Amino acid sequence: MSAPTPPSAPDRDTYDPAAVEAIWHARWQERGTHRTDLSGANPFFQLMMFPYPSAEGLHVGNLYAFTGNDIHGRFQRLKGHTVFQPLGFDAFGIHSENYALKVGVHPMELIPRNVANFRRQLDRAGLMVDWRYAVDTTRPDYYKWTQWVFLQLYKQGLAYRKSAAVNWCPSCKTVLANEQVESGNCERCGTEVTQRVLEQWFCRISEYAPRLLGNLDRLDWSETTKQAQRNWIGRSEGAHLLFPVTDPRTDAGAATVADVPDGEPDDDTITVFTTRPDTVFGATYLVLAPEHPLVDVITTPERRAAVEAYRVRTAQQDLVSRKVTKEKTGAFTGAYAINPATQRPIPVWIADYVLMEYGTGAIMAVPGHDERDFAFAQVFGLPIVRVVAGDGEDARTPLAEAFHGEGRLVNSARFDGLRVDEAKGRIVEWLASRKAARAVTNYRLHDWCISRQRYWGPPIPILYCDACGVVPVPEAQLPVVLPNIPDYRPDDSGVSPLARHEEWYHVPCPRCGAVARRETDVSDTFLDSAWYFLRYPSADRDDVPFDAARTRHWLPVTSYIGGNEHAVLHLLYARFVTMVLHDAGLVPFEEPFATFRAHGLIIREGAKMSKSKGNVITPDALIEQWGADTFRTYLMFLGAFEEGGDYRDSGIVGVRRFLDRVWASAAACTRDGAPDGAPDGAPDAGVLRKLHATIKKVGEDIPRLSYNTAIAAMMEYVNALRAGERIPHHDEVRPLVSLLAPFAPHLAEALHERLGGTGSVMDAGWPAFDPALLVEDEAEIVVQVAGKVRGKVRVPRHAGQDAVAAAALADPAIAKFVNGTPKKLVYVPGRLLNVVP
RNA sequence: GUCGGCAUGGCGGAACUGGCAGACGCGCAGGACUUAGGAUCCUGUUCCGAAAGGAGUGUGGGUUCGACCCCCACUGCCGACACCA
């Protein structure tokens, strides 16, 4: 098996991509072809997701996404828009930091190097980027404004501190993200990961959940992305139910607590969230999250030791395995609470399968109708009661597993016989009238933790003063510059390395002048990327994060195309930050991205690309071998852009042959003595019709990102152009060059010039097609008999059903399938006739 | 487990609202030009069949004059989330 090689021997007048591309890179640079006039009319903001500039350099996944954006942006420019297509670098974060530690080069040295390499590669690929507006999240002139964004959140009361657990690797002495924990162990050193509880900064994104969800219906986004966000926000309708705790020492039975208290949750009332209030009669025990504050209050002395032991055990477990392990464990608190429906006391347990961060951190367990509660009840021998019966079942039908389906209530006193959906409302109403329930909408979305106990990020601009408390750094004092310190390795303290740098750590309090301490956590990289699109048009401005007039002119983003791996986090945080800035009167819109399209993933020979498999494609080598235009076009030819593609080494030669043929066609029609090679010196009518059909098709395919079919259409046209070794006419080739420009911009520039064009092909406009040329005089009608194709007939364009039927039956090859008079004729004008015998 | 996506020739993939399945490309076969070709050009290429014809879009059913496309049930692969009450 050998990889195909490009056609060789550049003698005479053949396509030499390396030469062409070098010439045009230089000219684009000289002429400023890729510069956007920001005051230009008809603005079109084409945004692509900025990359993390890794040391390995650009990978095909990046290039696939960028090329898809570039084609769209170039097309919009050809269509007459002023296109702004900036790019930048998302270079902060734990990934860079770990890599820097590994190779022993300081990130402040490493990142600029990587960025320079990325720019070189991106330019080599022919992207239409105006680098004057590039952003780099690690530069103080950018993160000054990231810190400013944080302060806006703080001012609105949307940034706050609370303690939360983080994963901690005792060996690496560092905080780990959930994805860096592999089955309970650190992904780098394999040490068992533990939990630490630290004070951290959070953003109240959960407060925006209803708006973030509601707006989705109005956004022109890929449906898959919107659905992912809906699931992530996770709205669920249910109820809070109140279970008063009884004191077993004073209450002999249920009677004394039968009178429901005032309904306000107090020290000895457990509030649970449930989406199945209809099953409350089957709630045979309660479970609290081990961290639930009421645990301390209600645990009985006899059970305290066991409960504490269980809480310690849970606290030590890393965050990932706690959620992944399905085996049920728990401890009985010794306390009982009154089921507000049955009035009977039920035991209160703690278990790690109940999460403090969701709902109220407490559940009513209905083992008959919830798998988790069922499993738990089985382990601990707790009662399982059926309260819903499906078809053919009754109150006594035994439960081999939790029953989830439709059905009617049983064992539920006066609610017996109601359907599940009716019962939900009725039971909540009933309990509400006794002040034991309230209908509630709950969201899964939890607040966004932006603290990172690391070095490589923007310092959170907060000071702690013994006298004044928490003090935000005044905006005039921004940026809080990340100091260039040689020792940025995290240590055992769990506090950022920044805390070790006295001269940075201690500063005067801006309010009272006393010595204050800096916040030493840096912020999440998702904060950097949550507003970068606002910065681009104003990237040259030092005085403001984003200029009001430019923002009004360019935003919201016209078209955003990116990977669905950012469907939830990045895109949701960006929407949230934009909404907050809108509420503060700082931007005139609340949704940042008018349209968003998710592109697919690129794989290699049917398998995912990975370093361990050794099947990673290196763009540099392929561009070297085939040329950037061929590589770009091939990437887009692999499959539908929104579906992704399978990169096969063997196919690229086909695209190269196509571009060779385009070059040869342009060469042939400009050669001395042969500019008008067709016999009568005019373009061929058939070729011209095909040309106009191709202009139409390519112009329709590009906006719907159907790049592969657009390329196929151009290939078809080139085949028609050259069929039978005919010499193409000048006017047949020139429009093709424009159609090809978004895909193969260097080649298009060269041929545009060669065919007598002036300036850049990008400013020469998009060819128009003549609809009149597309209609044919005769139509070919497919003839079916009983739904099977039996032949075709040619008829005049507007022939009616009878004429077509007559023509069809006159054809013996068709007529032989029809005995006697047809029962029915189905005629689709201009396309098809179905004869039903 | 839940949510989403996908399943079409030897291969990557087309087929827009139910109307010629297999566009385009790779590969393969034959031919032309050549001292030569792994360059270029031309022709052919879903399968079975000499042909007439038949079969065919993961599997099983359904709706329809007509289904890759719609409905029901299932299988497999890919992705995201994952004890969310």
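Numbered from 1 within each chain, the chains take letters A, B, ... in sequence-line order. The structure displayed is predicted, hence computed values, not measured ones.
In this structure, Arg722(A) contributes its side chain and Ile727(A) its backbone to no donor-acceptor pair below 3.5 Å.
Across the strands present, G4(B) finds its partner in C78(B); the criterion is a Watson-Crick or G-U wobble pair with both atom distances under 3.5 angstrom. As the counterpart of G9(B), no nucleotide is assigned, since no Watson-Crick or G-U wobble pattern has both distances under 3.5 Å. Checking G44(B) for Watson-Crick or G-U wobble geometry (two distances, each under 3.5 Å) identifies C28(B) as its partner. The pairing partner recorded for A23(B) is none, the criterion being a Watson-Crick or G-U wobble arrangement whose two distances lie under 3.5 angstrom.
Checking G12(B), C65(B), C83(B) against every side-chain atom of Arg648(A), the shortest atom distance belongs to G12(B). With distances taken from any side-chain atom of Ser650(A) to the nucleotides A85(B), C41(B), C26(B), the minimum falls on C26(B). Nearest to the side chain of Arg790(A), among C24(B), A52(B), G54(B), sits G54(B). Taking only side-chain atoms of Glu780(A), from C-beta outward, the nucleotide of C83(B), C20(B), G4(B) with the closest atom is C20(B). Relative to the side chain of Thr224(A), the nucleotides U40(B), C24(B), G5(B) differ in distance, and G5(B) lies closest. Distances from the side chain of Asn834(A) to the nucleotides A39(B), G66(B), A21(B) place G66(B) closest. When distances run from any side-chain atom of Glu716(A) to the nucleotides A85(B), A23(B), C20(B), the shortest one goes to A23(B). The side chain of Glu643(A) approaches G5(B) more closely than any other nucleotide in the set C3(B), G5(B), A85(B). Considering only side-chain atoms of Val653(A), the nucleotide from C26(B), G25(B), G4(B) that sits closest is C26(B).
Base orientation of G9(B): syn, the glycosidic angle falling within 90° of 0.
Distance, Arg794(A) CZ to C20(B) C1': 14 Å, rounded to whole Å. Atom NZ of Lys788(A) is separated from atom P of G54(B) by 6 Å (rounded to the nearest Å). One atom, NZ of Lys323(A), and another, C1' of A82(B), lie 9 Å apart when rounded to the nearest Å. Residue Arg704(A) contributes atom CZ, which lies 11 Å from atom C1' of A15(B) at whole-angstrom precision. One interatomic measurement links the two molecules: CZ of Arg444(A) to P of A80(B), which rounds to 15 Å at whole-angstrom precision. Rounded to a whole Å, the CZ atom of Phe641(A) is 18 Å from the C1' atom of A14(B). Rounding to whole angstrom units, CG of residue Asn708(A) and C1' of A23(B) are separated by 11 Å. The nearest whole Å value for the distance from the CG atom in Asp701(A) to the P atom in G13(B) is 17 Å.
When heavy atoms are screened at a 4.0 angstrom cut-off, Phe817(A) is found touching the sugar-phosphate backbone but no base atom. Within the nucleic acid shown, Lys816(A) comes within 4.0 Å of sugar-phosphate atoms alone, with no base atom in reach, counting heavy atoms only. Contacts of Lys792(A) with the nucleic acid, taken as non-hydrogen atoms under 4.0 Å apart, include base atoms. Counting any heavy atom pair closer than 4.0 Å across all strands shown, Ala351(A) reaches no nucleic acid atom. Across all strands, Asn719(A) comes closer than 4.0 Å only to sugar-phosphate atoms, never to a base (heavy-atom distances). Using a 4.0 Å heavy-atom cutoff across all strands shown, Asn231(A) reaches sugar-phosphate atoms only and no base atom. Residue Leu832(A) is classed as a base contact, given a heavy-atom separation below 4.0 Å to a base. Nucleic acid contact for Arg604(A): none, since no nucleic acid atom lies under 4.0 Å from a heavy atom of the residue.
The base of C83(B) sits within donor-acceptor range of the side chain of Lys328(A), with an N or O pair under 3.5 Å.
Between A85(B) and G12(B), the distance separating the two P atoms is 40 Å to the nearest Å. The C1' atoms of G22(B) and G9(B) are separated by 7 Å, rounded to the nearest whole Å. Rounded to whole Å, the separation between the C1' atoms of A15(B) and A23(B) comes to 8 Å.
Between Trp626(A) and Val653(A) the shortest side-chain heavy-atom distance falls below 4.5 Å. Under the 4.5 Å side-chain criterion, counting only non-hydrogen atoms from C-beta, Leu825(A) is not in contact with Val836(A).
A ring-centre distance under 6.0 Å is not found for Phe202(A) and Trp448(A).
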